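From a predicted model like this one, the values you see are computed outputs, not experimental measurements. The basis for the numbers below is simple: all heavy atoms, side chains too, and nothing from hydrogens, waters or symmetry mates.
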Amino acid sequence: MQSLVGSRLPTFTEEQIEMLKGSFDFLGLNYYTGNYAANVPVRSGNISSTTDSMVSLSTYDINGVAIGYPTENDDFFVYPRGLYNLLMYTKLRYKNPIIYITETGIADRKDGTIKHIEDLHRIDFYNRHFWAVQKAINKGVKVKGIFGWSFLDDFEWASGYHLGFGFHYVDFENELKRIPKLSAIWFKHFLNKSSKKGIYIRLSFCMLFIAFTLVKSKVK
């Protein structure tokens with residue numbers, strides 16, 4: 001970092017350096033997807049924090065194969081293995097700190113209808129990623145919490161209101177009514193079932209809920 005960023009890095013006194021060492025209480029990690037990385041040997045054009053890593057990122061490998069399952073956000077693919085790898089890397093690189101996953105989630109492309117409340121893909125996303133976290137915990141990673149993004153559909157930067165990550169659908173045609181999606185109902189049961197019996201019970205219930213909902217939808 002020092003060689004790549006150079007004078008743009010802040011400077012610290014020796015006393016400040018000693019104060020900073022090991023001073024964090026936990027590390028917060030945001031994870032939505034994974035990418036393939038290719039080396040960029042020489043930087044050109046604007047040199048900034050976006051080019052400091054000197055890598056070219058892609059969700060497709062050299063053979064054109066996607067890194068995971070596609071979502072309605074073109075930049076994000078479902079890749080829980082990436083979360084596991086990130087947790088294991090953080091454990092080894094930063095002396096096994098306490099970790100909170102401060103953001104993770106999957107988006108819907110909103111079209112003005114409430115069909116998005118039947119969000120089995122979101123249940124599946126969290127199920128897969130919880131398994132990845134459980135696997136890392138079993139390897140000694142100190143994950144103490146996960147924050148799903150987000151409670152309700154909101155304004156998503158450049159995508160505005162066209163993408164929804166929420167567990168609740170916001171109906172703009174009906175006085176901003178908040179409608180729980182299937183994932184919100186699942187999460188309620190997920191947490192209630194797990195309060196005393198651990199994450200394995202939660203994940204078993206998740207698979208049962210998905211199977212029940214799929215059968216129910218076919219009957220309809």
Side-chain angles (χ1 to χ4, degrees), residues 1 4-5 9 20 22-38 48-60 66-110 119 121-137 139-168 170 181 183-184 186-187 190-191 199 202-203 206:
M1 181 184 291
L4 291 174
V5 182
L9 282 173
L20 286 171
S23 61
F24 61 83
D25 297 312
F26 64 88
L27 292 183
L29 303 178
N30 291 3
Y31 182 84
Y32 290 92
T33 191
N35 289 278
Y36 294 106
S48 69
S49 59
T50 60
T51 61
D52 285 335
S53 58
M54 296 186 68
V55 296
S56 174
L57 300 177
S58 175
T59 49
Y60 295 87
I67 196 168
Y69 297 105
T71 71
E72 294 186 14
N73 182 337
D74 296 336
D75 295 325
F76 292 171
F77 286 72
V78 179
Y79 188 59
R81 180 180 174 184
L83 177 56
Y84 170 79
N85 290 341
L86 174 62
L87 293 172
M88 294 303 298
Y89 172 82
T90 304
K91 174 194 175 185
L92 296 174
R93 180 67 177 81
Y94 297 101
K95 300 180 180 179
N96 200 16
I98 292 175
I99 297 172
Y100 285 89
I101 299 171
T102 42
E103 285 187 27
T104 191
I106 187 171
D108 307 308
R109 189 166 295 281
K110 301 175 71 173
D119 59 342
H121 61 290
R122 182 166 287 105
I123 296 172
D124 181 65
F125 175 92
Y126 280 99
N127 177 57
R128 291 172 183 271
H129 286 76
F130 285 159
W131 272 117
V133 173
Q134 181 66 65
K135 183 180 177 181
I137 291 174
K139 294 291 184 66
V141 179
K142 298 176 183 177
V143 178
K144 298 299 183 181
I146 303 174
F147 295 83
W149 186 262
S150 58
F151 172 65
L152 47 78
D153 293 340
D154 58 8
F155 189 88
E156 289 291 337
W157 297 93
S159 298
Y161 294 111
H162 297 296
L163 287 179
F165 281 82
F167 293 105
H168 291 73
V170 179
K181 301 177 184 178
S183 58
W186 168 75
F187 236 112
F190 177 92
L191 295 173
I199 194 168
R202 299 187 229 177
L203 297 172
C206 170

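Under the 6.0 Å cut-off for aromatic ring centres, Phe167 and Phe151 do not qualify, their centroids lying 6.0 Å or more apart.
The aromatic rings of Tyr100 and Phe147 sit tilted, their planes meeting at an angle between 30° and 60°. Ring pair Trp186/Tyr126 is tilted by interplanar angle, where 30° to 60° counts as tilted. Using cut-offs of 30° and 60° for the angle between ring planes, the Phe187 and Phe130 rings count as perpendicular.
The number of heavy-atom neighbours closer than 6.0 Å to OH of Tyr36, taken from other residues, nucleotides and ligands shown, is above 12. Taking a 6.0 Å sphere around NE2 of His121, one finds it holds more than 12 heavy atoms contributed by other residues, nucleotides or ligands.
Counting only heavy atoms from C-beta outward, the side chains of Asp52 and Met1 never approach each other to under 4.5 Å.
The two atoms that bring Thr33 and Phe77 nearest to each other are OG1-O, 2.7 Å, heavy atoms only. Thr59 approaches Asp75 most closely through the heavy-atom pair CG2-O, 3.7 Å. Of all heavy-atom pairs spanning Arg122 and Phe165, the tightest one is NE-O, 3.6 Å.
Rounding to the nearest 0.5 Å gives a distance of 9.0 Å between NE2 of His129 and CD1 of Ile101.
In terms of the side-chain hydrogen bond (donor to acceptor under 3.5 Å, both in side chains) criterion, residue partners of Lys139 (sequence neighbours excluded) are, by chain and number, Tyr84. Scored by the salt bridge (charged side-chain N to carboxylate O under 4.0 Å, His left out) test, Lys110 finds Asp153 as partners (sequence neighbours excluded). With sequence neighbours excluded, the residues forming a side-chain hydrogen bond (donor to acceptor under 3.5 Å, both in side chains) with Tyr32 are Glu103, listed by chain and number.
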Report task. Test ring pair (Phe, Tyr, Trp, His ring centres under 6.0 Å) on Phe155 and Tyr161 and set out the steps. Result -> CA-CA 5 Å; Phe155 189 88; Tyr161 294 111; 5.1 Å; yes
